[in-house]
Structure formats: C-alpha cells, structure tokens
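See structure below.
All residue numbers refer to positions in the sequence shown, counting from 1.
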Amino acid sequence: MSSPSKNKPAQTKGFFAAMSSSFSMFSTAMRSSVNGLLGYENLEVISPDGGQEDAEEEARRGRWKQEERDSYWKMMQKYIGSDVTSMVTLPVIIFEPMTMLQKMAELMEYCHLLDLANKCEDPYLRMVYAASWAVSVYYAYQRTWKPFNPILGETYEFVNHNGITFISEQVSHHPPMSAGHAENEHFTYDVTSKLKTKFLGNSVDVYPVGRTRVTLRRDGVVLDLVPPPTKVNNLIFGRTWVDSPGEMIMTNLTTGDKVVLHFQECGWFGAGRYEVDGYVFNAAEEPKMLMSGKWNESMSYQPCDKDGEPLPGTELKEVWRVAAVPENDKYQYTYFAHKINRFETAPKNLLASDSRLRPDRYALEMNDMPKAGAEKSSLEERQRAEKRNRESKGDKFTPRWFDATEEVAATPWGDLEIYQYNGKYIQHRAAADHTDGIDVEDVRTKEFNPWQCRHWPLNSPDRHTTAGIRAQILDWDAVQIQNHLNPDQRFLRWHFGSCK
C-alpha cells in the first residue's frame with residue numbers, strides 16, 4: 001500500500017485530489033549545491049521556504065560561526081554515507097538538555113487520546129484517536145537540537161501525568177538501543193528503539209528502526225505503529241530544519257483495521273510542509289474515515305464512503321490540536337518538555353540512573369557550555385572504563401527493567417532484536433512508594449549512577465519487596481560516606497567494588 005489516495009478506485013480522484021494537484025509543480029523542496037563556496041562544492045542546501053535561487057543565500061545562514069563550520073566539516077566529511085548514531089563525538093553546542101530516553105517520553109504528552117481510543121465503541125473512530133496520538137509527537141520532533149545519547153544502564157522515570165507510569169532504559173550500547181514502557185488504567189505502551197542514520201554531508205536521514213505496540217485494556221486490542229523516516233536538513237550550511245516525508249501505518253493486529261497517513265514532503269516555497277492526509281481502512285481495505293491536518297498544528301477526521309469521499313451530512317471534526325507553547329524558548333521546548341526535565345514528574349526514591357541527574361545535561365540546562373562539554377567527556381570515558389572492567393571479568397550487562405527475547409522483528413529499515421518489559425519496575429515502584437519514615441535524601445543531591453551496585457541477584461524474590469527496597473536505600477546512604485574520596489577512588493569503589 002503505497003499511499004491512501006493511490007488505493008482509491010480509478011473512477012474518482014477523491015477528496016484530496018484537488019488539494020494535491022495545486023501543488024503538483026512543487027513536488028519536492030528546492031535543492032542546490034553550494035558551488036559558490038570554495039571547499040564545500042556539492043554539499044546540498046535545502047531552503048524550506050524558498051526556491052532554487054535562494055540556496056546560496058540560505059547556505060550562509062544557520063547557527064554555526066564560520067570557524068566552527070569549517071572545523072565541523074573537516075571532522076564530519078569522512079563519515080559521509082555512514083551511520084553516525086554513536087560513532088562520532090559531537091560538540092555540546094548542537095545538543096539540547098535532554099536524553100533520548102526522555103525524548104521517548106514526549107509521546108505521552110497527548111496520551112489522553114489513547115484513553116479516548118480505549119473508551120470508544122466505534123472501531124474506526126478508535127483508530128482516528130490512536131493515529132492522532134501518534135502524529136501529535138511530531139510537533140516536538142521538529143526541534144533541531146540533538147538529545148544526549150544515553151549511557152548503558154541509564155533510565156528515565158516519569159509520573160504525575162494523566163495517571164501514567166513511564167520507564168525507559170538504555171539496554172544496549174553497541175548498537176545503541178532503548179526500551180520503554182508506559183501504562184495507566186486505559187492502555188499499555190511498549191517500544192524497542194534502535195535508530196539508524198545515514199550522514200549525507202549537510203543532512204542526515206534518520207530511520208526509526210523500532211517496534212511500537214499499544215494495547216487498549218478494555219478489549220485487549222493491540223495496535224502496531226510504523227512511523228515515517230525523518231530527514232534533518234542543513235546541518236552545517238543554512239538553517240537546520242526537519243521534515244518527515246513518507247507513510248505512517250498503524251495496524252490493529254486484533255481486527256485487521258489500519259490507518260495509512262501520508263506525510264507530505266516540503267515543496268518549493270514551503271508548499272505542503274507539515275501536511276498529513278490519509279484514511280482509516282477496515283480489514284477489507286475499504287476506507288471508512290478520512291483524516292487530514294498538519295503534524296505541527298492539528299488533525300481532523302470525517303466519515304467517508306467506499307470511494308473515500310466525505311459522507312453527505314457529515315463534517316470535518318477536529319480531534320487533536322497542539323497545546324500552547326512558550327514564546328521564544330531557546331530549545332523550542334513545549335511546556336510538557338520542560339516538565340520532563342523537572343523533578344515534579346519524578347517518582348519518590350528516584351533511581352540514581354535517571355537522566356535528570358546527568359551532570360552534562362544539567363550543566364547545559366544551566367547554559368554552562370564548558371562544564372557540559374567536560375561532563376559529557378567524563379561520562380563517556382567512565383562508560384568505556386566500566387565496559388573494560390566488565391569485559392575483563394567476563395560479565396555481561398543485563399538490563400534491569402527489560403528482558404532480551406529471542407524475537408527478531410522485521411522493519412522497513414532492518415531487523416530489530418526485541419526487548420520485553422519484565423514487570424519488575426511496577427513492583428519496585430510499589431515498594432519504593434511505601435518507604436514512609438525512611439529519611440531519603442533530596443534527589444537533586446544524588447550523583448548520577450547508571451551502574452548501580454546490585455546487592456541481590458536479579459532473580460532474588462526479596463529484591464522488590466518493601467524490606468528489600470528499604471535496605472537498598474540504606475545501602476545507598478552508606479555509599480554516600482565514600483564521597484570524601486577523590487573521584488577516581490570513589491568511581492572504582494562505587495562501580496566495581498561490590499557490584500554483583
């Protein structure tokens with residue numbers, strides 16, 4: 001199925017035909033080589049709101065100073081054609097104060113749409129709600145700053161939003177892989193993510209190698225999501241901007257219904273940018289609902305006939321609209337993105353491996369670039385040291401909240417090893433939330449520690465009991481007395497001394 005409109009019967013052009021034909025001459029954004037700039041020939045510059053003649057003018061814009069641009073290009077040109085997900089050390093100037101584990105949680109901003117899908121009796125309107133939820137995160141994904149790559153064993157916890165509990169964990173370092181789980185009374189959400197990239201000089205293609213599943217609790221309906229790829233344009237020359245041309249497909253694995261949405265590619269002078277249109281199909285691939293909107297603005301739906309035309313007497317109804325956002329925010333954060341970094345959305349007895357506690361992330365949030373860069377380098381070196389020590393002992397890293405399975409899923413961009421939520425986090429959270437009376441330190445003073453010492457075997461039945469959690473908290477307090485040691489001594493004793 002190539003696109004919703006292409007699946008329509010031949011005798012009609014369909015609801016979207018009139019709109020599409022208006023932009024036929026603007027099918028793709030204008031691309032031009034930077035031939036006028038010596039040493040940078042054949043680098044592609046794409047203006048999101050101009051034509052071909054604007055390419056060289058666009059090339060002189062952007063966040064980079066001339067000397068920074070030259071240095072960055074010299075460093076990066078050898079990687080053209082390569083997957084640069086984790087093989088390149090990048091300067092903090094291009095980062096935002098958030099990790100990939102936190103960015104995964106941004107999909108929960110409009111999770112009330114999944115609540116509505118769970119309550120909905122109409123199977124096709126249910127798909128409208130769920131698909132609109134999947135589209136909603138693209139407003140946040142248009143940010144042009146890079147999140148930090150998580151450290152192996154790093155986690156992120158999120159509560160106090162729409163009744164959900166969210167946990168994500170970095171389960172593999174090479175290749176970089178993350179797993180996430182969220183749940184409330186209406187749905188469960190599970191994802192295994194392994195981004196794949198292709199660096200093209202002045203742009204990078206991002207392929208969402210992953211599996212996203214949502215289970216609606218009332219009827220046990222399981223939804224599978226395949227998002228479109230993303231292209232980040234003008235990395236070195238010009239203003240950096242993001243586009244996600246392609247198809248998003250959400251399939252109801254229980255009934256066979258599906259949604260196919262086409263994300264339009266940005267054309268000349270911005271024609272078609274942000275636009276999304278498509279249909280909800282039944283299991284017989286007959287259109288039942290049409291959907292249209294913009295991924296940075298809103299989505300609407302309308303019942304349609306078998307030819308995809310709106311049913312008489314119906315009207316287009318809005319199902320989602322982006323919430324108000326802060327003005328002139330440095331990182332283009334939404335209010336929800338700011339909540340992700342705050343401790344008000346952290347649970348009691350926050351894990352020391354939580355992304356909020358990363359010193360490089362926090363330094364960047366405080367606009368201390370030199371400290372952020374130094375802390376980032378320190379963390380990366382500590383990760384390498386931990387790996388050398390672990391491998392010298394013949395130990396294998398085991399994720400705490402997710403289990404590796406033997407399942408390998410096929411995706412449009414390659415195979416994916418599946419990690420499964422093991423249920424232990426909810427047990428841990430329940431026990432940690434009942435530790436009243438124990439003097440627990442202010443989480444803001446905790447030192448980031450993704451390689452936590454484990455004083456029980458992972459399969460110990462006592463590990464997730466209230467008594468076990470209490471003992472772990474006391475163990476953590478005991479560890480703090482080592483803080484008078486110098487950093488190297490503390491690192492060796494803390495991370496390698498008694499860890500099981």
Side-chain angles (χ1 to χ4, degrees), residues 26-66 68-91 93-96 100 103 138 141-149 174-176 193-210 227-248 263-268 270-274 295 411-414:
F26 304 123
S27 59
T28 58
M30 208 59 216
R31 294 155 165 81
S32 178
S33 300
V34 195
N35 292 320
L37 298 177
L38 187 61
Y40 301 98
E41 294 83 0
N42 302 317
L43 274 184
E44 185 179 68
V45 174
I46 307 174
S47 174
D49 49 16
Q52 184 175 17
E53 68 281 359
D54 299 313
E56 285 200 16
E57 179 183 348
E58 178 67 34
R60 301 180 190 280
R61 302 175 180 177
R63 68 181 64 159
W64 298 95
K65 297 177 182 178
Q66 177 66 44
E68 292 172 339
R69 184 179 66 186
D70 293 344
S71 175
Y72 186 54
W73 172 241
K74 289 177 182 177
M75 177 181 72
M76 295 298 297
Q77 59 182 328
K78 62 184 176 183
Y79 296 110
I80 290 178
S82 301
D83 184 345
V84 293
T85 306
S86 64
M87 64 187 295
V88 182
T89 300
L90 299 172
I93 189 176
I94 69 169
F95 282 77
E96 62 177 326
M100 281 299 302
K103 204 169 182 75
Y138 280 83
Y141 283 179
Q142 70 179 322
R143 293 198 302 266
T144 58
W145 307 91
K146 183 188 181 304
F148 287 95
N149 287 338
H174 287 299
S193 176
K194 182 176 70 174
L195 290 181
K196 179 180 179 182
T197 63
K198 185 176 183 180
F199 178 64
L200 301 173
N202 201 36
S203 65
V204 62
D205 289 339
V206 182
Y207 306 103
V209 181
T230 292
K231 189 180 185 87
V232 184
N233 300 288
N234 300 352
L235 291 174
I236 303 174
F237 293 92
R239 297 163 296 172
T240 306
W241 61 284
V242 176
D243 202 14
S244 296
E247 285 185 345
M248 171 183 284
F263 285 52
Q264 301 288 344
E265 185 174 12
C266 178
W268 289 1
R273 189 177 182 189
Y274 309 118
W295 53 257
T411 79
W413 306 282

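- A side-chain donor-acceptor contact under 3.5 Å links Asn202 to the backbone of Phe237.
- Judged by distance alone, the side chain of Asn234 and the main-chain N or O of Ile46 form a donor-acceptor pair under 3.5 Å.
- Taking 4.5 Å as the limit, every side-chain heavy atom of Val232 sits out of range of all side-chain heavy atoms of Thr144.
- Minimum interatomic distance between Tyr274 and Gln142 (heavy atoms only, all atoms of both residues): CE2-OE1, 3.9 Å.
- In this structure, OG1 on Thr197 lies 9.0 Å from OH on Tyr207, to the nearest 0.5 angstrom.
- Here the closest non-hydrogen pair linking Met76 and Phe199 is O-CE2, 3.2 Å.
- Qualifying side chain to side chain contact (heavy atoms under 4.5 Å, CB included) partners for Pro412, counting only residues two or more places apart in sequence or in other chains: Val226.
- Atom CD of Gln264 is separated from atom CG of Asp243 by 10.0 Å, given to the nearest 0.5 angstrom.
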**OP:** Give the intermediate values and the outcome of side-chain contact (heavy atoms from CB on, under 4.5 Å) for residues Leu90 and Phe95.
**Re:** CA-CA 9 Å; Leu90 299 172; Phe95 282 77; 3.8 Å; yes
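- To the nearest 0.5 Å, atom NZ of residue Lys103 and atom CZ of residue Phe148 are 13.0 Å apart.
- For Pro228, the side chain to side chain contact (heavy atoms under 4.5 Å, CB included) test picks out Tyr138, Ser244, Met248, Phe263, with sequence neighbours left out.
- The shortest distance between side-chain heavy atoms of Lys194 and Thr411 does not fall below 4.5 Å.
- Here CG of Leu235 is found 12.0 Å from NZ of Lys146. Values are rounded to the nearest 0.5 Å.
- At distances below 3.5 Å, not a single donor-acceptor pair connects side-chain atoms of Asn233 with backbone N or O atoms of Val242.
- Nearest heavy atoms, Trp413 versus Lys196: O-NZ, 3.5 Å.
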